[in-house]
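All remarks here apply to the structure that follows.
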Amino acid sequence: MRITVSGATGFIGRELVIRLQEAGHQVHILGRTLRKGLSPAVLFSVWDPERGLPPLESLESADAVIHLAGEPVAQRWTPKIKQKIRDSRVLGTQRLVEALGQCGQRPKVLVCASAVGYYGDRGDEVLEESAKPGTGFLSNVCQEWEKAAAECGKLGMRVVQVRTGVVLGKDGGALARMLPPFKVGVGGRLGSGEQWMPWIHIEDLARLMQFAVENSSLSGPVNGAAPNLVTNADFTVALGRALSRPAIFPVPLCAIRLLFGEMSEILIASQRAVPKAAQEAGFSFEHPEVYAALREAVK
Ligand SMILES: NC(=O)c1ccc[n+]([C@@H]2O[C@H](COP(=O)([O-])OP(=O)(O)OC[C@H]3O[C@@H](n4cnc5c(N)ncnc54)[C@H](OP(=O)(O)O)[C@@H]3O)[C@@H](O)[C@H]2O)c1
């Protein structure tokens, strides 16, 4: 298949592009600036989601589009950054859909990133994809983002929104930011540690996105989270064990709020999100257990 990928230079996108190429797909990257060192087998078009529509030729030639681009969420949420987090996703997706509407021949499927942040902070409630959305900045962004992607349904395209949890992999993502304190033995749970922390190994997430492209039985929201959910306290113990380091220094809630401001919402929210849609469609996880997944990710 010919698959166009936005945000392909990011943490998830890099893993995804390698996987798609290994599976024999031809990849067309949409990025804000041309990066050096891209494989000659990859096509590239410039697109800045905050500025305008993607070039139609990057979409008309494609069988599928995977849309990952967005301003990083893990930074201090100033009013300006919040605007960028929202606009790069919501306006960006609206522009992508507008361009798809203008295509003479359009792809069959759009797989669009979303996040478990959709659910807000939900305590111990088990969250299947049909659960109602939550509240808060990130939940609102995810709702608008998913709605913008769903508009592709009116163009006759299949749409899959992958509500992704914390992605575990080497060289990036949340784990890269968590590792320094753990490596020097001062890691610990966040707040009470009772919050559910949906996670997924990066290889499984890339496999799930490929699965979503290739399997027409999957459509609508899909929780991108491993089946064996853990609380933040359990995750902390597993990470300490994976690194052979103690993990006994809890970070108090007030310190998290002071350090991260409003962004602390993503560190302390509880989302018990289960991968019902993916498993019902026949997807199986290669990294279902958190300790083994962490061992692999930190080795
Ligand atoms: N990593 C996670 O744990 C996680 C969890 C839940 C959801 N997600 C979602 O999955 C998607 C991919 O995540 P990721 O971790 O791979 O993100 P990432 O490493 O930050 O990469 C995202 C890519 O988006 C593009 N981008 C960055 N800022 C942008 C902006 N202001 N406007 C438009 N494009 C911008 C960049 O590509 P170019 O420079 O090539 O344009 C960048 O490589 C994101 O939308 C993220 O919200 C990730």
Side-chain angles (χ1 to χ4, degrees), residues 4-19 27-38 42-54 58 66-75 77-78 80-96 110-119 137-139 141-146 148-149 160-178 197-206 208-209 212 221-226 235 263 265-267 269 271 273 293 297:
T4 296
V5 184
S6 80
T9 55
F11 175 52
I12 297 168
R14 294 193 299 271
E15 175 77 22
L16 179 67
V17 168
I18 293 170
R19 163 158 282 279
V27 177
H28 191 142
I29 288 179
L30 290 173
R32 290 169 302 165
T33 48
L34 184 56
R35 299 275 168 100
K36 286 188 183 135
L38 283 178
V42 169
L43 299 169
F44 184 90
S45 297
V46 173
W47 178 43
D48 185 339
E50 288 185 285
R51 282 167 194 249
L53 304 195
S58 66
I66 303 180
H67 180 40
L68 305 176
E71 173 73 17
V73 169
Q75 55 180 318
W77 289 355
T78 62
K80 198 171 159 213
I81 291 295
K82 281 170 82 172
Q83 196 66 44
K84 276 181 88 68
I85 288 172
R86 183 209 171 261
D87 288 354
S88 59
R89 289 175 173 77
V90 180
L91 296 184
T93 305
Q94 285 169 347
R95 287 175 178 139
L96 173 62
L110 168 67
V111 176
C112 188
S114 179
V116 290
Y118 174 90
Y119 299 112
F137 169 68
L138 214 53
S139 175
V141 170
C142 290
Q143 290 172 54
E144 283 191 89
W145 192 11
E146 291 192 8
V160 180
Q161 298 102 332
V162 185
R163 291 181 187 153
T164 304
V166 176
V167 182
L168 305 181
K170 294 181 188 68
D171 308 323
L175 202 53
R177 285 185 293 276
M178 283 181 214
M197 193 177 153
W199 63 274
I200 185 167
H201 191 282
I202 194 162
E203 288 173 8
D204 275 339
L205 181 60
L208 179 58
M209 287 180 170
V222 173
N223 285 341
F235 182 91
M263 195 275 273
E265 140 182 345
I266 59 176
L267 302 173
Q271 289 129 354

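In listed order, ligands and their atoms are each counted from 1.
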Specify the protein heavy atom at minimum distance from [atom]: its residue, its atom name, and the distance to 0.1 Å.
{"atom": "atom 4 (C) of ligand 1", "answer": "Val167 CG2, 3.9 Å"}
{"atom": "atom 46 (C) of ligand 1", "answer": "Arg89 NH2, 3.7 Å"}
{"atom": "atom 20 (O) of ligand 1", "answer": "Pro72 CG, 3.9 Å"}
{"atom": "atom 5 (C) of ligand 1", "answer": "Gly165 O, 3.2 Å"}
{"atom": "atom 9 (C) of ligand 1", "answer": "Ala113 CB, 4.1 Å"}
{"atom": "atom 29 (C) of ligand 1", "answer": "Arg32 NH1, 3.3 Å"}
{"atom": "atom 40 (O) of ligand 1", "answer": "Thr9 OG1, 2.6 Å"}
{"atom": "atom 13 (O) of ligand 1", "answer": "Ile12 CD1, 3.4 Å"}

Worksheet item: Would you call the rings of Trp47 and His67 parallel, tilted or perpendicular if under 30° counts as parallel and over 60° as perpendicular?
Response: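 Plane angle between 30° and 60°, so tilted.
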With only distance considered, is [X] within less than 3.5 Å of ligand 1 through an N or O on each side?
{"X": "Phe11", "result": "yes"}
{"X": "Asp48", "result": "no"}
{"X": "Glu71", "result": "yes"}
{"X": "Thr33", "result": "no"}
{"X": "Leu68", "result": "yes"}
{"X": "Ser88", "result": "no"}
{"X": "Trp145", "result": "no"}
{"X": "Ala115", "result": "no"}
{"X": "Gly10", "result": "yes"}
{"X": "Val73", "result": "no"}

Item to complete: Please report the shortest heavy-atom distance between Ser58 and Thr4, naming the atom on each side.
Response: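 Heavy atoms of Ser58 and Thr4 come nearest at O-OG1, 2.7 Å.
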Within a distance under 4.0 Å of any heavy atom of [X], pick out the atoms of ligand 1 and give their elements.
{"X": "Ser114", "result": "7 (C)"}
{"X": "Gly31", "result": "40 (O), 41 (O)"}
{"X": "Gly70", "result": "22 (C), 24 (O), 25 (C), 26 (N), 27 (C), 28 (N), 29 (C), 34 (N), 35 (C)"}

Worksheet item: Can Arg32 and Glu50 be counted as an ion pair, charged N to O under 4.0 angstrom?
Response: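 Salt bridge between Arg32 and Glu50, a charged N being under 4.0 Å from a carboxylate O: no.
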Item to complete: Drop me the distance from Thr78's OG1 to Gln83's CD, to the nearest 0.5 angstrom.
Response: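 So the OG1 of Thr78 and the CD of Gln83 are separated by 10.5 Å.
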Discussion item. Can you tell me how far apart CD (Gln75) and NZ (Lys84) are? Round to the nearest 0.5 Å.
Written reply: 9.0 Å
Worksheet entry | Phe235 ring center within less than 6.0 Å of Trp199 ring center |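 Centroid distance Trp199-Phe235: not below 6.0 Å, so no.
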